[in-house]
Amino acid sequence: MTMACLNATDREFFQMLADVVFSNPFNRQRNELIVRLAPGVPYGDLTTHREALARVVWPRCEPWLSEGAPALRRLGAEDRRLLEPAFLYVCYHRYVSQLDALIERQSMQGGVPLPVPFADDLIADLVRSGFAEERAVRYFAFFFQLRRTFHFIDHALTGECESMRQLREALWNNVFTHDMRSYESALWNRMEDFSTLLLGETGTGKGSAAAAIGRSAFIPYVPKQHRFAANFAESFIAINLSQYPEALIESELFGHRKGAFTGAIDNHEGVFARCSAHGALFLDEIGEVSTPVQIKLLQVLQERTFTPLGGHERQRFAGRVIAATNRSLGTLRREGQFREDFFYRLCSDVIEVPTLRQRISESPAELDQLVRLMVARITGAEAPDLVADVKEVLDNRLPRDYAWPGNVRELEQAVRRILLTGRYAPDIADVTADENEALADKMRAGELTAAELLARYCAMLYRRYGTYAEVAKRTGIDPRTSRKYVEEAKPR
């Protein structure tokens with residue numbers, strides 16, 4: 001057999017392409033790599049149009065793909081290794097639209113996984129590109145996982161500010177690790193060992209972040225059944241631990257057997273038993289659970305087994321655990337309310353979900369974008385007139401730099417209230433409670449002049465105590481001047 005080899009230019013191109021293929025799509029450096037791959041090509045923005053880069057890659061692969069496996073066998077091992085990511089990239093993009101359609105259909109349907117009519121063609125394409133059939137089947141499952149992960153992160157966590165980009169990048173790494181090569185070679189079936197802790201204030205979107213992780217696990221494809229092994233739409237289970245009294249929380253977590261306690265008239269399956277091996281269990285408000293429950297959860301995380309109340313048989317739990325809290329775990333740990341060993345078993349990855357006020361401070365346009373998306377979601381279509389109405393009320397009725405203590409959840413309800421009533425007045429108690437934090441955020445960021453700082457402080461005191469005399473007394477300035485500062489702080 002006559003041996004062939006890639007030239008130096010091809011090797012450089014395919015090595016750079018491999019770095020793109022295995023990189024995080026929400027990482028800024030990825031776009032820089034893409035631009036370097038094909039400077040000045042006439043296909044549009046390579047960083048935003050996936051088909052554009054695929055059209056660049058295909059001609060470089062075509063000489064090898066047209067002849068198929070025999071041509072690849074003439075290459076040395078190192079050259080074949082360099083070409084593999086390119087073949088995967090071309091095949092993946094050939095089927096992106098069909099993968100997206102499958103995700104949309106499956107998202108709306110429970111029960112058994114849907115049949116995948118295009119699977120045989122995709123797997124055959126990979127085999128013709130030199131992959132053994134077993135590897136081709138596994139790569140097909142990777143393709144489905146990649147597309148699901150991008151779909152759920154990109155659609156559920158909108159926002160163009162830097163903190164939201166960082167959040168999306170962190171969530172992708174949580175699913176695939178920071179190095180997808182290592183994930184593909186060694187970790188794809190070991191992710192149950194990596195627990196995740198989401199931190200953030202109430203209403204920031206921790207549940208959406210958890211769902212994006214939980215619906216993005218690797219799910220094997222079963223060729224004989226022409227289906228995936230599980231339905232991702234049912235692979236994510238969420239439980240809010242603060243909703244259950246102490247006497248019932250263990251039953252909800254681990255289940256119970258008939259007669260285990262007064263009122264246990266039937267067997268009950270807990271969330272650990274219901275969670276798929278290819279999914280995740282989301283424990284919201286983890287900071288609320290008692291020490292005995294923390295100990296039992298720690299045992300599950302360490303041993304991956306649990307026992308229903310009143311039972312004796314040990315059951316295996318094979319899914320991932322995602323936990324979240326809006327409380328300060330540092331404070332709870334210092335006060336002995338949150339066990340150190342439990343914390344360190346949970347925190348394989350700690351992801352902080354940004355507040356709405358942080359997002360708006362980074363990019364004022366963030367509020368406009370969110371309002372536009374919320375109105376479109378409520379009405380089912382773009383509605384610029386309604387968006388303008390909502391924005392007018394928010395601009396006129398809220399204090400300047402309003403801190404949004406309820407975050408995105410509060411904004412969504414504000415939008416609904418304005419659409420219903422034409423007005424929105426936040427709870428003054430909430431405003432007052434959050435003023436110190438909002439003011440501190442601005443001070444830490446160095447965004448206030450001395451006059452603005454004094455005006456904000458005077459306005460905060462006036463809303464709290466209700467008289468200019470009291471503001472003057474507490475600030476040491478005369479009442480007329482205090483009134484001037486309060487007026488300056490009002491929204492324009």
Side-chain angles (χ1 to χ4, degrees), residues 99 102-116 119 137-138 140-153 156 171 174-177 183 187-198 206-241 251-256 267-284 286 297 299-308 311 313-324 346 348-349:
L99 289 167
L102 176 63
I103 292 167
E104 292 290 345
R105 291 197 307 272
Q106 190 72 83
S107 294
M108 297 184 290
Q109 183 171 323
V112 299
L114 293 172
V116 188
V137 170
R138 184 151 64 90
F140 175 42
F142 282 139
F143 289 175
F144 189 46
Q145 183 187 20
L146 283 166
R147 204 62 201 159
R148 274 184 289 126
T149 306
F150 187 85
H151 173 87
F152 289 116
I153 292 177
L171 292 174
N174 187 274
V175 175
F176 293 109
T177 80
Y183 175 83
L187 293 172
W188 59 275
N189 60 348
R190 295 288 185 270
M191 295 306 290
E192 68 183 55
D193 291 330
F194 298 89
S195 301
T196 302
L197 188 56
L198 298 170
K206 298 187 294 297
S208 296
I213 298 171
R215 295 190 175 111
S216 299
F218 180 87
I219 301 176
Y221 179 70
V222 186
K224 291 183 179 179
Q225 300 177 14
H226 300 285
R227 305 171 192 267
F228 286 95
N231 179 355
F232 70 82
E234 297 183 344
S235 65
F236 174 71
I237 297 178
I239 178 173
N240 189 316
L241 300 174
S251 173
E252 291 301 320
L253 289 170
F254 310 117
H256 65 251
N267 291 341
H268 173 67
E269 194 173 49
V271 291
F272 277 101
R274 300 201 305 270
C275 185
S276 164
H278 307 297
L281 177 58
F282 177 41
L283 305 176
D284 200 5
I286 194 70
L297 287 171
Q299 291 172 341
V300 175
L301 291 173
Q302 290 177 333
E303 301 170 11
R304 308 300 298 184
T305 61
F306 64 95
T307 303
E313 73 285 4
R314 300 184 73 81
Q315 299 182 25
R316 172 158 173 76
F317 170 66
R320 290 188 74 178
V321 169
I322 308 166
L346 276 176
S348 299
D349 192 11

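Just so you know, residue 1 is the first one in the sequence shown, and it goes up from there. This one's a predicted model, so the numbers in the text were calculated from it and none came from an experiment.
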Verdict with supporting geometry, R274 and I237, side chain to side chain contact (heavy atoms under 4.5 Å, CB included): CA-CA 8 Å; R274 300 201 305 270; I237 297 178; 3.7 Å; yes

Side chain to side chain contact (heavy atoms under 4.5 Å, CB included) assessment of L297 paired with F306: CA-CA 9 Å; L297 287 171; F306 64 95; over 6 Å; no

R215 vs H151, side chain to side chain contact (heavy atoms under 4.5 Å, CB included): CA-CA, chis, key distance, verdict: CA-CA 10 Å; R215 295 190 175 111; H151 173 87; over 6 Å; no

Trace of the ring-ring contact (aromatic ring centres under 6.0 Å, His included) decision for Y183 with F176: CA-CA 6 Å; Y183 175 83; F176 293 109; 5.3 Å; yes

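No donor-acceptor pair under 3.5 Å is formed between the side chain of R147 and the backbone N or O of L102. With Q106 contributing its side chain and L114 its backbone, the two residues share a donor-acceptor pair below 3.5 Å. A donor-acceptor pair under 3.5 Å is absent between the side-chain atoms of S195 and the main chain of L346, judged by distance alone. No donor-acceptor pair closer than 3.5 Å links the side chain of D284 to the backbone N or O of I239. Under the 3.5 Å distance criterion, the side-chain polar atoms of E252 are left unmatched by any main-chain donor or acceptor of G270. At least one donor-acceptor pair closer than 3.5 Å links the side chain of Q145 to the backbone N or O of S216.
With respect to E192 and R316, a salt bridge is recorded, a charged nitrogen being found less than 4.0 Å from a carboxylate O.
For the residue pair T196/N174, the side-chain donor-acceptor check at 3.5 Å is satisfied. Side chains of S235 and H278: a donor-acceptor N/O pair is absent below 3.5 angstrom, by distance only. With no hydrogens or angles considered, a side-chain donor-acceptor pair links R314 and T305 at under 3.5 Å.
With rounding to the nearest 0.5 angstrom, the CH2 atom of W188 is 14.5 Å from the OG1 atom of T177. The CG atom of N240 sits 10.5 Å away from atom CG of L283, with the distance rounded to the nearest 0.5 Å. Within the model, atoms CG of L241 and CG of L253 stand 6.0 Å from one another, a figure rounded to the nearest 0.5 Å.
Nearest heavy atoms, S276 versus A230: OG-CB, 4.2 Å. In this structure, A324 and L197 approach most closely via the heavy-atom pair N-CD1, 4.4 Å. Closest approach of S208 to A156, counting heavy atoms only: CB-O, 4.2 Å. Scanning both residues, F228 and A141, for their nearest heavy atoms gives CE2-CA, 3.9 Å. Shortest non-hydrogen contact noted between V175 and I213 is CG2-CA, 4.3 Å.
The side-chain heavy atoms of Y221 and V116, taken from C-beta on, include a pair separated by under 4.5 Å. For the pair F194/D349, no side-chain contact is recorded, criterion being any heavy-atom separation below 4.5 Å from C-beta on. Side-chain contact between V112 and N231 is absent, with no heavy atoms from C-beta onward closer than 4.5 Å. A heavy-atom distance below 4.5 Å is found between the side chains of S107 and F152. Proximity of I322 to L281: side-chain heavy atoms (C-beta onward) are nowhere separated by under 4.5 Å. Inter-residue side-chain proximity for L171 and T149 is flagged as unmet; no heavy-atom pair is nearer than 4.5 Å. The side-chain heavy atoms of F254 and V300, taken from C-beta on, include a pair separated by under 4.5 Å. The closest side-chain heavy-atom distance from Q315 to P308 is below 4.5 Å.
Figure legend: cation-pi geometry between R148 and F150 absent, as NZ or CZ is not positioned both under 6.0 Å from the six-membered ring centre and within 45° of its axis.
Separation of the F218 and F142 ring centroids falls under the 6.0 Å cut-off.
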